[in-house]
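Below, chain A is the first sequence line, B the second, and so on; all start at residue 1. Here the structure is a predicted model, which means the values were calculated and not measured. For the numbers below, each heavy atom of this structure counts, side chains included, while hydrogens, waters and symmetry mates do not.
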Amino acid sequence: MGNTIRSVAPRVNIIASAETWIEDKAIQQLITTAQLPGMVSVSGMPDLHPGRGYPIGAAFFSQRRFYPALVGNDIGCGMALWRTDLTAGKISLDKLEKRLGNIDEPPDEINELPSEFAELPYSPGTIGGGNHFAELQQLDEIYQPARLGALLPDTRQLLLLVHSGSRGLGQAILEQHVRAFGHRGLEQDTPEAAGYLSQHQLALRFAAYNRQCIAQRMLRRWHSDGEALLDVNHNLVAPAVIDGVSGWLHRKGATPADCGLVVIPGSRGDYSYLVRPLPHAVSLFSLAHGAGRKWMRAECKGRLDQRYSMQQLARTAFGSRVICQDKQLMFQEAPQAYKPIDTVISSMEQAGLIEPIARLKPVLTYKTRGNAQ
DNA sequence: ATGTCC
């Protein structure tokens, strides 16, 4: 277990095997964040990478105050996994792509919008940009048949993984907070803290509902039924007691290890893993939320556009299909721009933080139909 | 990341 946990400074751990590449800038950001007033300890996940000031793929545990800026704009971002009635091989990729069409605009046919969202100037049901996606996946390898069987009795059924968040709502909440309080955080048990937390909770519920609407509208277009198997947030702050200390656990691109089974996806050209978390304080009860970027967004097009056409990038090494008619995004989210998922998974497995249940393989990845310039 | 920014 020891050689996959790097202690890079006092109260700063990183879960990563020796072969896991992590940028110096991300480690610096992690150490800097650990110096914030009230910070007790921080933990970098194997997908740690630099963000705007604060790193992504990390958990932060503080006492007495918490930091909305650490959660970021996409409050409630997470992964929802659905079982579908579609089965591998029974339906062609052409048909799936054609039936799916364009889901970039919010659906106008939402049956019962929960009343708490009725007055919001944001509509649920869209994926958004960046690393968000919805992906149809197929079971590839099973490591724990009994645990998988409890979730997915028919292993031929395709799965739908939705990665999205609270969209404009979380953005507006963070903007409003930063305008009023900057990056100094909020003292607990104050009206300001209660005000933020109440908006934050609304964003968590909206993000989960957004993922549900996305999955349901995709299933509807495919004339399929389905069922939500799990929905787990990786951008949030919540009260926690760790090693007897009461405080605030921030997760920024860090999957909770204490909320049941989770999916940790690789890039669109790589596997995703369904895993059983083994909660541990050294990782602040958290796990990686994906493979983690290898290249900065800005450098991806320059590195790839001489070698690959849009058409080539729309197919992966697995033969899966990618719907992404935004050229910048197509390059930014290319498999080459991400670390391989197997080192991320094996780092956590060697550290005793997860037990893999099954490996999933992409079939069809939806990003966007827009912005083809 | 953002019904994004021109």
Legend entry - Euclidean distance, atom NE2 of residue His132(A) to atom C1' of dG3(B) [Å, nearest integer]: 15 Å
Legend entry - Whole-Å distance separating the CD atom of Glu175(A) from the P atom of dG3(B): 10 Å
Legend entry - Ion pair Arg293(A)/Glu333(A), N-O distance below 4.0 Å: yes
Legend entry - For DNA chain B, the residues among residues 116-123 of chain A that have a non-hydrogen atom under 4.0 Å from it: Pro121(A), Tyr122(A), Ser123(A)
Inset, instruction - Could you tell me the separation between the CG atom of Asp104(A) and the P atom of dT4(B), rounded to a whole number of Å? - result: 13 Å
Legend entry - SB check Arg251(A) Asp258(A) (cutoff 4.0 Å): yes
Inset, instruction - Identify, with sequence neighbours excluded, every residue that meets ring-ring contact (aromatic ring centres under 6.0 Å, His included) alongside His177(A). - result: Phe181(A), Tyr196(A)
Legend entry - Spacing between Gln328(A) atom CD and dT2(B) atom P, to the nearest angstrom: 16 Å
Inset, instruction - Under 4.5 Å between side-chain heavy atoms, chaining through other members, with only Ile, Leu, Val, Met, Phe, Trp and Tyr counted: pull out the rest of the cluster around Leu30(A), sorted by chain and number. - result: Val8(A), Val12(A), Ile14(A), Ile22(A), Ile27(A), Ile31(A), Leu36(A), Met39(A), Val42(A), Leu48(A), Tyr54(A), Phe60(A), Tyr67(A), Leu70(A)
Legend entry - Distance in angstrom units between Ile103(A) CD1 and dG3(B) C1', rounded: 16 Å
Inset, instruction - Could you tell me whether Arg52(A) contacts a base, only the sugar-phosphate backbone, or nothing, with contacts defined as non-hydrogen atoms closer than 4.0 Å? - result: nothing
Legend entry - Protein-nucleotide distance (Phe206(A), atom CZ; dG3(B), atom P), rounded to Å: 9 Å
Legend entry - Pairwise side-chain contact, Ile75(A) with Leu204(A), heavy-atom cut-off 4.5 Å (strictly under): yes
Legend entry - Cationic N near anionic O, under 4.0 Å, Arg268(A) to Asp270(A): no
Inset, instruction - For Gly51(A), report the nucleic acid contact type (base, sugar-phosphate, nothing); a contact means any heavy atom under 4.0 Å. - result: nothing
Inset, instruction - On the 0 to 90° scale, with breaks at 30° and 60°, tag the Tyr143(A)-Tyr273(A) ring pair as parallel, tilted or perpendicular. - result: parallel
Legend entry - Whole-Å gap separating P (dT2(B)) and CZ (Arg297(A)): 10 Å
Inset, instruction - Mind checking Gly168(A) for me? I need base, sugar-phosphate or nothing, with any heavy atom below 4.0 Å counting as a touch. - result: sugar-phosphate
Legend entry - Nearest-angstrom distance from the residue atom CD1 of Ile75(A) to C1' of dT2(B): 12 Å
